[in-house]
Amino acid sequence: MPELPEVEVVRRGLERGVVGRVIASVEVCHPRAVRRHLAGAADFRSLLVGRRITAANRRGKYLWLAVGAEAEPVGSPARPDAPGEDALIAHLGMSGQLLVVPAATPDQKHLRVRFVFADRGRELRFVDQRTFGGLAIAVGGGALPEPIAHIARDPLDPAFDEDLVVLRLRRRRTGIKRALLDQTVVSGVGNIYADEALWAARLHYARPTETMTGPEIRRLLSAVRTVMAAALTAGGTSFDRLYVSAEGVSGMFERSLEVYGRAGQACRRCGAIIRRDAFMNRSSFTCPTCQPTPRRARW
DNA sequence: TCCGGCACCTGTACGC
DNA sequence: TGCGTACAGGTGCCGG
């Protein structure tokens, strides 16, 4: 599942592979991939052809490529805040990939959108098995596209305001994992890293947010940062071929997951058997000893 | 306004 | 071998 580290790995690959290049043609192979572009596939294509990609940006799990006018000289510095730029927004969903590959590469089975560049070099392909992900264009959204303005900053963002996040979390009336997965409070955290960070901070996922102290929340946010930074260093979590960088390379972080996917195995900290609970239509993995169920719990 | 449930989607694993 | 079912889960929408 692409979470923040995986998306950042992809962003870096896009920065290396497509920034500075001019889009020559766009082929939408599956309309669902651009369903969030309400004006349709034809409009999606027409807004991109002839435009130069000037920057690869990210907010939480959303990516966007800033696209400017073709007339800008080759090699001009990326200007993410330049007025008049539009944004090609991408979300990888559950299984999306943005791949920069040689044009001769055989089409992937789940190829949804193909971008061909004027230099006839490597193509950009959006491949998505489950089609939870998608692409859209926000006009004038080169700096921060309006459709993703509601997404909070992530814990690795230099402008992340920890005091504000502590305040917002303590104001909530819900379980801490549910709050952690809310991208409008803190972004970039998905099911895997939520479980890993909660284990590291010795907190149960059903702990009511309003009972948490400031230091406890800061400990949790610190754990989130640590887990994400480690995953980023390792190239992102990888469970199968679905989760790859723009160059098609799988991450290696799975090997160091402490609780996620380890139901029935011993906790590496205390030896208790990791348990799996159904939670929010998905799974939560906890150590019953390190993360005891709170007396007051919000499921 | 906040919270929680659910649909969306398809490949894989598993049981019969 | 083939069929049916459960499961994986990020996001947005809707009802309470």
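Proteins come first, then strands; the chains are lettered A, B, ... in the order of their sequence lines, and each starts at number 1. Keep in mind that what you see is a predicted model, and the values were worked out from it rather than measured.
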Tell me whether the OP1 or OP2 atom of dT11(C) has a side-chain N or O from H91(A) closer than 4.0 Å.
yes
Side chain of R32(A) (C-beta onward), nearest among dT11(C), dG11(B), dC9(B)
dC9(B)
So, does S95(A) get its side chain near the phosphate of dT10(B), meaning an N or O under 4.0 Å from OP1 or OP2?
no
For dG4(B) and T174(A) - does any side-chain N or O of the residue sit under 4.0 Å from the phosphate oxygens OP1/OP2?
yes
Assign H150(A) to base, sugar-phosphate, or nothing according to its heavy-atom contacts below 4.0 angstrom with the strands shown.
sugar-phosphate
Length of the CD-P vector between Q108(A) and dG11(B), whole Å
15 Å
For Y62(A), which contact category applies under a 4.0 Å heavy-atom criterion: base, sugar-phosphate, or nothing?
sugar-phosphate
Here the distance between atom C1' of dC13(C) and atom CE of M280(A), to the nearest Å, is 14 Å
Would you call K61(A)-E3(A) a salt bridge at under 4.0 Å N-O?
no
Under 4.0 Å between a side-chain nitrogen and a carboxylate oxygen: does that hold for E8(A) and R11(A)?
yes
Between F132(A) and P147(A), which residue's closest nucleotide on DNA chain C lies nearer the 5′ terminus?
F132(A)
Between H110(A) and R282(A), the residue closer to the 5' end of DNA chain B by nearest nucleotide is R282(A)
Spell out, yes or no, whether V116(A) and V101(A) are grouped together once hydrophobic residues are joined by side-chain heavy atoms under 4.5 Å, including indirect joins.
no
Answer with base, sugar-phosphate or nothing: what part of the nucleic acid does R298(A) contact at a heavy-atom distance below 4.0 Å?
nothing
R172(A) side-chain N/O to dC2(B) phosphate OP1/OP2 under 4.0 Å:
no
Whole-Å gap separating P (dG11(B)) and CD (Q97(A)):
13 Å
Between the base of dG11(B) and the side chain of R130(A), is there a donor and acceptor pair under 3.5 angstrom?
no
Nearest-angstrom distance from the residue atom CG of D182(A) to C1' of dC2(B):
10 Å
Between dA8(C) atom P and N191(A) atom CG, what is the distance in whole Å?
9 Å
Rounded to whole Å, how long is the line connecting atom CD of Q129(A) with atom P of dG10(C)?
15 Å
Short N-O contact, E210(A) and R170(A), less than 4.0 angstrom
no
May I ask you to decide whether E27(A) forms a salt bridge with R45(A), counting only side-chain N to carboxylate O separations under 4.0 Å?
no
Interatomic distance where CD belongs to E3(A) and P belongs to dG10(C) [whole Å]:
6 Å
If I take atom CG in residue D128(A) and atom C1' in nucleotide dT10(B), what distance separates them, rounded to the nearest angstrom?
10 Å
At under 4.0 Å, does any side-chain N or O of Q183(A) touch on OP1 or OP2 of dT11(C)?
yes
For dA8(C) and R276(A) - does any side-chain N or O of the residue sit under 4.0 Å from the phosphate oxygens OP1/OP2?
yes
Electrostatic pair E258(A)-R262(A), nearest N-O below 4.0 angstrom:
no
